[in-house]
Participant: 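Okay, handing you the structure first.
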Amino acid sequence: MSTLKLPIYLDHNATTPCDPGVMEVMLPYFTEQFGNAASRSHSFGWQAEEAVDYAREQVARLIGAEPKEIIFTSGATEGDNLAIKGVYEMYAAKGNHIITCVTEHKAVLDTCRHIEKLGGAVTYLPVNKEGLIDLQQLEAAITPRTILIAIMYANNETGAIQPVKAIGAIAKKHNVLFFTDATQAVGKIPVDVIKDGIDLLTCSAHKMYGPKGVGALYVRRKNPRVRLTAQLDGGGHEKGMRSGTLNVPGIVGFGKAADICRQQMQEEGERMSRLRDKLENALLQLGDTYVNGSRSSRLPHVTNISFNFVNGDGLMMGLNKDIALSSGAACTSASMEPSYVLKALGVEDELAHSSLRFSIGRYTTEEQVDFVIAKVKGVVEQLRAMRPIG
Ligand SMILES: *Cc1c(COP(=O)(O)O)cnc(C)c1O
């Protein structure tokens, strides 16, 4: 008898459950230790501040930063906005040109669109069929007016990892700041702001087994010292870069989540990539099935697969009662738009529609993966058998 509980969650790139260890450390900060970390005149405030400082060390350590370089935010969307808009405003005297890439998260792309409306210039680099940018194209796009390169660490839809270290070196050579949205990479693979030559970086707790609504922006303090124009004015919290009372329980949980990831990353990565490879190899046996994005430079827990000769809606309807995952068709109101990320890789609309993103997590078991393999194979074979011969 199987003890498998349905549905099975394979959408860890959308969000992750809180680790029980994370929950546990957060709880006292909702009740007894409810202080405001900005209260300087009593022990409630001091305790909260101490807890935030400890979490700042934990998050900094995970990415090789100094605690002073961590600005707590409400998540990666806010971090992306603050990094891009903050640099754009602060470095206006130097220039107004930003270089990014077409497969960035909407939090980066929509912020860049906003910058264009303000009069800024943005270059959107294309990607190859692996989902990776071309370094020569990047270097050629830099002008004397370029102030920022904004390229994500790893893509949320395909898991493709950009050549971050080489991008950092190019940025440094041309005296341009390098910002990376590392929301999908931090906690999953080693990220080191020094070795990678990163000047600004965003991450988010809920993508790494921490709570929702909290994240961090890393802002380099030396070689060079990066300055930002605040986007939220107020009490001057977080060195004036992000005013607002700190989410103390969330930050404490984020710190713990960072610690757990740092300790378990290697073992967890190996375990997840073994399960991911098992899943991927089994589904490729179906034939007329393609992996989207790089298979060599990729996060350990993600695979994005297109199934040819299958109706995308039928595929999702056949699966989503038992398996929680994302498809390559983003539902925007009534119409089903194929994913802009897959389109940028050169995937045709039809194949983008019938693609699935599987993202494995900390609690995914081999038994679950075996069930998913059997279920997906069954649905794909059934849909292909029903297909009118044309
Ligand atoms: C999830 C995600 C975001 C948004 O993060 P929030 O903390 O939910 O705002 C931004 N960028 C990437 C790459 C993501 O995966």
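Numbering of ligands and ligand atoms starts at 1, following listing order.
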Participant: Of the listed options (A205, A76, A107), which comes nearest to atom 5 (O) of ligand 1 when hydrogens are ignored and any heavy atom counts?
Facilitator: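 Minimum heavy-atom distance to atom 5 (O) of ligand 1 goes to A76.
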
Participant: Taking only heavy atoms of S204 into account, list the atoms of ligand 1 that are under 4.0 Å away from them.
Facilitator: 6 (P), 7 (O)

Participant: To the nearest 0.5 Å, what is the distance between CD (Q162) and CD1 (I133)?
Facilitator: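 Reported value, rounded in 0.5 Å steps: 5.5 Å.
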
Participant: Should R262 and D259 count as an ion pair when the cut-off is N to O under 4.0 Å?
Facilitator: yes

Participant: Does the distance from a Lys or Arg side-chain N to an Asp or Glu carboxylate O, for E66 and K222, drop under 4.0 Å?
Facilitator: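 Salt bridge: no.
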
Participant: K207 to ligand 1: N or O pair under 3.5 Å?
Facilitator: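 By distance alone, the answer is yes.
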
Participant: In this structure, is the centre-to-centre distance between the rings of F34 and F44 below 6.0 Å?
Facilitator: yes

Participant: Any side-chain donor-acceptor pair under 3.5 Å between T15 and K212?
Facilitator: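 Result is yes, a qualifying pair exists.
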
Participant: Test side chain to side chain donor-acceptor pair (under 3.5 Å) on N304 and Y290 and set out the steps.
Facilitator: CA-CA 8 Å; N304 187 310; Y290 313 98; over 6 Å; no

Participant: Measure the distance from atom 9 (O) of ligand 1 to every protein heavy atom, then report the residue, atom name and distance (to 0.1 Å) of the closest one.
Facilitator: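 That would be T77 OG1, 2.6 Å.
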
Participant: Judged on heavy-atom distance to atom 11 (N) of ligand 1, which of V214, D181, T73, N13 sits nearest?
Facilitator: D181

Participant: Quick check on contacts: which atoms of ligand 1 are under 4.0 angstrom from a heavy atom of G75?
Facilitator: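 Answer, ordered by atom number: 7 (O).
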
Participant: Name the closest protein heavy atom to atom 12 (C) of ligand 1, giving the residue it belongs to and the distance to 0.1 Å.
Facilitator: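 Going atom by atom, the protein heavy atom closest to atom 12 (C) of ligand 1 ends up being H105 CD2, 3.3 Å.
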
Participant: Quick check: H206 and ligand 1, any N/O pair under 3.5 Å apart?
Facilitator: yes

Participant: Counting each atom of ligand 1 from 1 as listed, which ones have a heavy atom of N156 under 4.0 Å away?
Facilitator: 13 (C), 15 (O)

Participant: Is R61 atom CZ crowded by more than 12 heavy atoms from other residues, nucleotides or ligands, each under 6.0 Å away?
Facilitator: no

